[in-house]
Amino acid sequence: MKYVTQYKDIPYATQDAVLWRREDNGVVYIASMIRGVINETIELPKDVPVGTQWDYNDGEPSKREVTATLTLELAGLKYPDCIEVTRTVLNNKALQSVTNKSYYCKEVGEVRSLFKQPSPIGDYITETSMREYKR
């Protein structure tokens, strides 16, 4: 699957990000093209119990960890068997205070994400939430 992310009013994010997702033997990979460079990393490993950690690098070396299991309600529907995945950026001090969480539901995929970065003029927030799902 191919996606395009557009950033608005974020001074350092001036170009669209092109993303691809693929699944191989139960592992979900995500690739991005930012400033002409393609990078692929593991978005979700095959097994995802709470506490599972893995390396993640979309241009910023990070760790991702399954931090909770939960039931989510989106667009009036309940989705059981969901997980919360929290990302921690490792080396970039400017991104150490970022909140970055993604939510995935079984047999649906990513249903919500939150990226919040404090700045001197207020928080930069990018949030997505599934509005509709049809099989």
Side-chain angles (χ1 to χ4, degrees):
M1 295 181 281
K2 183 179 179 181
Y3 303 83
V4 175
T5 301
Q6 297 176 330
Y7 301 99
K8 295 183 179 171
D9 302 323
I10 301 177
Y12 61 84
T14 58
Q15 294 182 343
D16 294 351
V18 179
L19 307 169
W20 294 267
R21 277 191 174 105
R22 70 180 179 92
E23 182 270 334
D24 185 15
N25 197 30
V27 178
V28 178
Y29 295 88
I30 191 163
S32 60
M33 180 179 289
I34 302 172
R35 294 180 290 281
V37 177
I38 293 177
N39 187 55
E40 183 177 69
T41 192
I42 294 175
E43 183 175 22
L44 284 176
K46 185 174 184 173
D47 297 312
V48 289
V50 172
T52 301
Q53 292 185 1
W54 63 97
D55 293 329
Y56 181 82
N57 188 339
D58 63 352
E60 289 294 339
S62 308
K63 288 276 187 193
R64 289 186 97 200
E65 179 180 358
V66 178
T67 49
T69 58
L70 60 159
T71 296
L72 292 175
E73 187 171 331
L74 298 161
L77 298 173
K78 287 191 178 185
Y79 295 90
D81 300 321
C82 301
I83 59 171
E84 174 187 77
V85 175
T86 302
R87 177 185 182 189
T88 304
V89 176
L90 299 176
N91 301 323
N92 186 334
K93 289 187 182 194
L95 297 176
Q96 296 283 316
S97 60
V98 162
T99 299
N100 192 186
K101 295 181 184 269
S102 298
Y103 298 86
Y104 301 87
C105 296
K106 191 174 186 174
E107 298 188 26
V108 178
E110 186 176 25
V111 297
R112 184 171 184 261
S113 67
L114 172 66
F115 181 90
K116 182 171 140 182
Q117 181 178 14
S119 84
I121 59 169
D123 292 344
Y124 296 132
I125 298 173
T126 302
E127 189 170 10
T128 61
S129 184
M130 183 178 70
R131 299 236 186 230
E132 183 179 351
Y133 175 73
K134 293 181 183 178
R135 284 191 145 207

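Side chain of N91 to main chain of P61: no donor-acceptor pair is present (N/O by atom type, distance under 3.5 Å, no hydrogens or angles).
Side-chain contact between M130 and L72 is absent, with no heavy atoms from C-beta onward closer than 4.5 Å. Inter-residue side-chain proximity for R64 and T41 is flagged as unmet; no heavy-atom pair is nearer than 4.5 Å. Within the 4.5 Å cutoff, no side-chain heavy atoms of T88 are placed close to those of E65. Taking 4.5 Å as the limit, every side-chain heavy atom of Y79 sits out of range of all side-chain heavy atoms of V111. Using a 4.5 Å heavy-atom cutoff, the side chains of Y103 and C82 are not in contact.
When all heavy atoms are compared, the tightest approach of W54 to I42 is NE1-O, 3.1 Å. Of all the heavy atoms in V66 and V48, the pair that sits closest is CG1-O, 3.6 Å. Contact detail for L90 and K63: the closest heavy-atom pair is CD2-CG, 3.9 Å. Looking at every heavy atom in both residues, S32 comes nearest to W20 through C-CZ3, 4.2 Å. Nearest approach of T71 to P80, heavy atoms of both residues: OG1-CA, 3.7 Å. Across D123 and P118, no two heavy atoms sit closer than the pair OD1-CA, 3.3 Å.
Here the rule is side chain to side chain contact (heavy atoms under 4.5 Å, CB included) with E43, and of I30, L19, V27 only I30 fits it.
In this structure, L114 CG and N100 CG are separated by 7.5 Å, a value rounded to the nearest 0.5 Å. Here OG of S113 is found 12.0 Å from CD of E84. Values are rounded to the nearest 0.5 Å. Interatomic distance, SG of C105 versus CG of L74, reported as 6.5 Å (0.5 Å rounding). Between the NZ atom in K101 and the CZ atom in F115 there is a gap of 13.5 Å [rounded to 0.5 Å].
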field: Derivation of the side-chain contact (heavy atoms from CB on, under 4.5 Å) call for T52 and D47
entry: CA-CA 8 Å; T52 301; D47 297 312; 5.9 Å; no
message: Checking R87 against D58 for the side-chain contact (heavy atoms from CB on, under 4.5 Å) test, could you report, in this order, the C-alpha distance in whole Å, the side-chain angles of both residues, the deciding distance, and whether it holds?
response: CA-CA 11 Å; R87 177 185 182 189; D58 63 352; 2.7 Å; yes
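Listed by chain and number, the residues in a side chain to side chain contact (heavy atoms under 4.5 Å, CB included) with T69 are V50, I83 (sequence neighbours excluded).
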